A.B. asks: 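Structure provided below as structure tokens; questions to follow.
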Amino acid sequence: MRTFTAILRRTIAALCLALAPLLARAATLVEAELVCPLDGETFKTTIAVPDTPINFHLDLKPTGETVAPWPLVKCPSSGFVMYKRDFSEDELARLRPFVRSAEYRALSEAHTNYYLSARLRAHLGAPPAHLAYVLLQATWEAKSRVQYEAYAAEALETFNRVLAAPVPNVKEWTNAQFVAGELERRLGRFADARRRFLSLAGHEEVKEGTFRTMLQLQLRLIEAKDTASHPIPR
């Protein structure tokens, strides 16, 4: 099982530790023919190909002319979300009964692809640090405020579980705290968000630079009772 450090280094930490020079990619959409690994169904769909640079919001959502989160392909018949390129035979054997269940069918009709991928990963026993970031991505594609709040609350609960365990890397711990505080603010839990950000103010990583700027912005937004999405200051 991958550790908190290994997972977040490529996700949250990679996005937050050097925000000024960060570049991500926008998407050009192309048609492709794919095979569903779960049942062998062949189908045509549209996939994204990297293109131009963008920036980020406080919840790490890319902003600009881009597709965010990166689109996941869903098999038409089974509803299985292909959240990675290769699945082992053991993984597919464990996933098939779940995907064919009434529970997953109901989830497939009501939820976004990233949320479904989180449920699939959880079924395989993915660690909380991994699930937290996938659930965060699910908030980016929420189709309503009600759905956003449900996804954000679940993501926040998962981030808090991650933060309750010993974390070997202080900067990655700080990144996760900032995401959790952002989710609290977006959910209107202003007292919790303010308490979290004030507790971070004395940390070495937050005394200057981008984290300091983000902290000051968050406190202003909390004071204004603002639950909207905002870009990270440059």
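Values below: every heavy atom of this structure, side chains too, minus hydrogens, waters and symmetry copies. Fair warning: this is a prediction, and the values are worked out from it, not measured in the lab.
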A.B. asks: Looking at Val73, Asn113, Leu38, which one forms a side chain to side chain contact (heavy atoms under 4.5 Å, CB included) with Val81?
C.D. replies: Asn113
A.B. asks: Please check if any side-chain donor atom of Arg94 sits under 3.5 Å from a side-chain acceptor atom of His123, or the reverse.
C.D. replies: no
A.B. asks: Is Trp140 reachable from Leu131 through a run of I, L, V, M, F, W or Y residues, each pair having side-chain heavy atoms under 4.5 Å apart?
C.D. replies: no
A.B. asks: Are a donor atom and an acceptor atom from the side chains of Lys84 and Ser117 found within less than 3.5 Å of each other?
C.D. replies: no
A.B. asks: Quick one: does NZ or CZ of Lys225 land under 6.0 Å from the six-membered ring centre of Phe190, within 45 degrees of the ring axis?
C.D. replies: yes
A.B. asks: With heavy-atom distances below 4.5 Å as the criterion, would you say the side chains of Ser108 and Tyr104 are in contact?
C.D. replies: yes
A.B. asks: Donor-acceptor pair, Arg121 side chain versus Ala126 backbone, under 3.5 Å?
C.D. replies: no
A.B. asks: Kindly work out whether a path of hydrophobic side-chain contacts (I/L/V/M/F/W/Y, heavy atoms less than 4.5 Å apart) joins Ile232 to Leu200.
C.D. replies: yes
A.B. asks: Thr227 versus Arg145: any side-chain heavy-atom pair under 4.5 Å?
C.D. replies: yes
A.B. asks: Shared ILVMFWY cluster between Leu72 and Leu116, side chains joined below 4.5 angstrom?
C.D. replies: yes
A.B. asks: Please report the closest heavy-atom contact between Ala228 and Arg186, naming both atoms and the distance.
C.D. replies: O-CD, 3.4 Å
A.B. asks: If I take atom CG from residue Leu215 and atom CZ from residue Arg220, how far apart are they, to the nearest 0.5 angstrom?
C.D. replies: 10.0 Å
A.B. asks: With the side chain counted from C-beta on, respond yes when Phe211 and Asn175 share a heavy-atom pair under 4.5 Å apart, and no when they do not.
C.D. replies: yes
A.B. asks: Where is the tightest heavy-atom contact between Pro233 and Leu217, given as atom of each residue plus distance?
C.D. replies: CG-CD2, 3.6 Å
A.B. asks: Is the shortest side-chain heavy-atom distance between Gln218 and Arg185 below 4.5 Å?
C.D. replies: yes
A.B. asks: Would you say the side-chain atoms of Thr174 pair up with the backbone N or O of Val170, donor to acceptor, closer than 3.5 Å?
C.D. replies: yes
A.B. asks: Got Arg119 and Glu103 here, is their nearest side-chain heavy-atom distance under 4.5 Å?
C.D. replies: yes
A.B. asks: What heavy-atom pair brings Lys207 and Gly202 nearest, and what distance separates the two atoms?
C.D. replies: CE-O, 3.3 Å
A.B. asks: For Phe87 and Tyr83, take the angle between the two ring planes, folded into 0 to 90°, and tell me which bin it lands in: parallel under 30, tilted 30 to 60, perpendicular over 60.
C.D. replies: perpendicular
A.B. asks: Tyr151 and His111: side-chain donor and acceptor closer than 3.5 Å?
C.D. replies: yes
A.B. asks: How far apart are the closest heavy atoms of Ala155 and Ala132, and which atoms are they?
C.D. replies: CB-O, 4.4 Å
A.B. asks: Return the CG to CG distance between Asp192 and Leu187, rounded to the nearest 0.5 Å.
C.D. replies: 10.0 Å
A.B. asks: Between Cys75 and Ser78, what is the shortest heavy-atom contact and its length?
C.D. replies: CB-OG, 3.5 Å
A.B. asks: Distance-only, no hydrogens or angles: does the Tyr114 side chain make a donor-acceptor pair with backbone N or O of Trp70 under 3.5 Å?
C.D. replies: yes
A.B. asks: Can you tell me if Asp226 uses its side chain to pair, donor with acceptor, with the backbone of Ile222 under 3.5 Å?
C.D. replies: no
A.B. asks: Just distance, no hydrogens or angles: give the donor-acceptor pairs under 3.5 Å from side chains in residues 157-167, sequence neighbours left out.
C.D. replies:
unit_1 : atom_1 : unit_2 : atom_2 : d
Glu157 : OE2    : Arg161 : NE     : 3.4
Thr158 : OG1    : Glu154 : O      : 2.8
Asn160 : OD1    : Arg196 : NH2    : 3.0
Asn160 : ND2    : Leu156 : O      : 3.4

A.B. asks: Would you indicate whether the side-chain heavy atoms of Pro37 and Met82 approach each other to under 4.5 Å?
C.D. replies: yes
A.B. asks: Does Phe80 reach the side chain of Cys36, with side-chain heavy atoms less than 4.5 Å apart?
C.D. replies: yes
A.B. asks: Provide the closest heavy-atom pair for Leu135 versus Ala118 in the form atom of the first, atom of the second, distance.
C.D. replies: CD2-CB, 3.8 Å
A.B. asks: Do the side chain of Gln147 and the main chain of Ala110 share a donor and acceptor less than 3.5 angstrom apart?
C.D. replies: yes
A.B. asks: Identify the residue among Val206, Leu58, Asp59 that makes a side chain to side chain contact (heavy atoms under 4.5 Å, CB included) with Phe178.
C.D. replies: Val206
A.B. asks: If we ignore hydrogens and angles and just use 3.5 Å, is the side chain of Glu141 paired with the main-chain N or O of Ala138 as donor and acceptor?
C.D. replies: no
